[in-house]
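For the numbers below, each heavy atom of this structure counts, side chains included, while hydrogens, waters and symmetry mates do not. Quick caveat, the model's predicted, so the values are computed rather than measured.
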Amino acid sequence: MKAGFARLPITPDKPMTLAGFDRRTAPATGALEDLYVSALALEDDGGEQFLLCSFDLLGADRALCKGVREALSPILPPERIWVCATHTHSAPRGAFSGGISQDNAYISGIINICKAAAFTAFKGLSTVSVHYGEGTVAGVASLRDVP
């Protein structure tokens, strides 16, 4: 199996309202840390490829997923491209289509940055070993609705 990885910043270059802060009326005044899109490219021994794109955003709506898949359609079929988000409230609200503060330029920009990250990840494919394990750690995870 081969894997490649790339991570590029998607931090807005202008003040934007933050997602998940509905009571806040003013946009963010700056950034303490960058937001990123991460691209993990995988290729099995038969040459079949897969891509996982993860955005540091509150979520990845249908329009963002569709935009990423369309931008990457020259290299992969849409069913081999998965898009997800880290669910951070420190991301701009304008990344969601149809929202009151939708910012089409920002959405288009992060799709283009994702495309660049994907190409970099595929260009960097190298042979890897894959291992996994399972474990349980008491007290780390819990159900919030169970007393």
Side-chain angles (χ1 to χ4, degrees), residues 1-134 140-145:
M1 171 172 265
K2 293 181 180 179
F5 180 80
R7 184 175 107 156
L8 294 175
I10 58 168
T11 308
D13 58 1
K14 63 181 181 179
M16 293 181 77
T17 305
L18 297 178
F21 288 88
D22 293 337
R23 292 185 184 165
R24 184 176 176 165
T25 57
T29 57
L32 295 175
E33 296 180 1
D34 279 326
L35 302 171
Y36 292 93
V37 59
S38 300
L40 173 64
L42 300 172
E43 183 177 288
D44 68 13
D45 294 335
E48 298 290 329
Q49 295 181 326
F50 173 82
L51 181 69
L52 175 64
C53 300
S54 176
F55 289 88
D56 285 340
L57 298 171
L58 182 66
D61 68 4
R62 286 183 193 267
L64 178 61
C65 295
K66 181 180 178 189
V68 168
R69 288 183 177 127
E70 287 176 356
L72 295 170
S73 64
I75 63 169
L76 278 178
E79 65 273 9
R80 296 207 183 168
I81 302 168
W82 287 9
V83 180
C84 64
T86 60
H87 191 83
T88 178
H89 289 259
S90 298
R93 180 186 300 168
F96 294 100
S97 62
I100 54 174
S101 60
Q102 177 180 344
D103 189 321
N104 290 328
Y106 180 67
I107 295 169
S108 178
I110 64 175
I111 289 170
N112 287 331
I113 294 168
C114 179
K115 183 177 180 179
F119 277 97
T120 301
F122 277 113
K123 194 183 317 180
L125 284 172
S126 61
T127 302
V128 296
S129 297
V130 179
H131 304 276
Y132 73 95
E134 292 183 23
V140 172
S142 64
L143 298 175
R144 290 181 283 176
D145 61 347

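- No donor-acceptor pair closer than 3.5 Å links the side chain of Arg93 to the backbone N or O of Thr17.
- In this structure the side chain of Leu8 never reaches within 4.5 angstrom of the side chain of Cys114, judged on heavy atoms.
- Annotation: the span from Gln102 atom CD to Ile107 atom CD1 amounts to 4.5 Å, rounded to 0.5 Å.
- Note that the CD1 atom of Ile10 and the CG atom of Asn112 stand 12.5 Å from one another [nearest 0.5 Å].
- In this structure, Ala28 and Pro15 approach most closely via the heavy-atom pair O-CB, 3.3 Å.
- Partners of Asp56 according to the salt bridge (charged side-chain N to carboxylate O under 4.0 Å, His left out) rule, which considers only residues two or more places apart in sequence or in another chain, do not exist here.
- Proximity of a side-chain donor or acceptor of Asp44 to a complementary backbone N or O of Met1 within less than 3.5 Å is not detected.
- Note: Cys53 SG to Ile113 CD1 = 12.5 Å, rounded to the nearest 0.5 Å.
- Under the ring-ring contact (aromatic ring centres under 6.0 Å, His included) criterion, the residue pairs touching residues 42-69 are Phe50-Trp82, with sequence neighbours excluded.
- Taken from CG in Leu57 to CG in Leu64, the straight-line distance is 6.5 Å, to the nearest 0.5 Å.
- Between Ala60 and Ala85, the shortest heavy-atom contact is N-CB, 3.8 Å.
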Just distance, no hydrogens or angles: give the donor-acceptor pairs under 3.5 Å from side chains in residues 29-36, sequence neighbours left out.
{"residue": "Asp34", "atom": "OD1", "partner": "Thr11", "partner atom": "OG1", "Å": "2.8"}

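- In terms of heavy-atom proximity, Ala71 sits nearest to Lys115 at O-CE, 3.5 Å.
- The CZ atom of Arg7 sits 14.0 Å away from the CG atom of Leu40 when rounded to the nearest 0.5 Å.
- Interatomic distance, CG of Leu72 versus CD1 of Ile81, reported as 4.5 Å (0.5 Å rounding).
- Across Leu125 and Ala41, no two heavy atoms sit closer than the pair CD2-O, 3.6 Å.
- With sequence neighbours left out, Lys2 forms a side chain to side chain donor-acceptor pair (under 3.5 Å) with no residue at all.
- Arg80 meets the salt bridge (charged side-chain N to carboxylate O under 4.0 Å, His left out) test with Glu48; sequence neighbours excluded.
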Stepwise, does the side-chain contact (heavy atoms from CB on, under 4.5 Å) test hold for Leu51 with Ile75?
-> CA-CA 10 Å; Leu51 181 69; Ile75 63 169; 5.5 Å; no

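- Residues Pro12 and Pro92 come closest through the heavy atom pair CG-CG, 3.7 Å.
- Residue pairs that meet the ring-ring contact (aromatic ring centres under 6.0 Å, His included) test with at least one member in residues 107-127, sequence neighbours left out, do not exist here.
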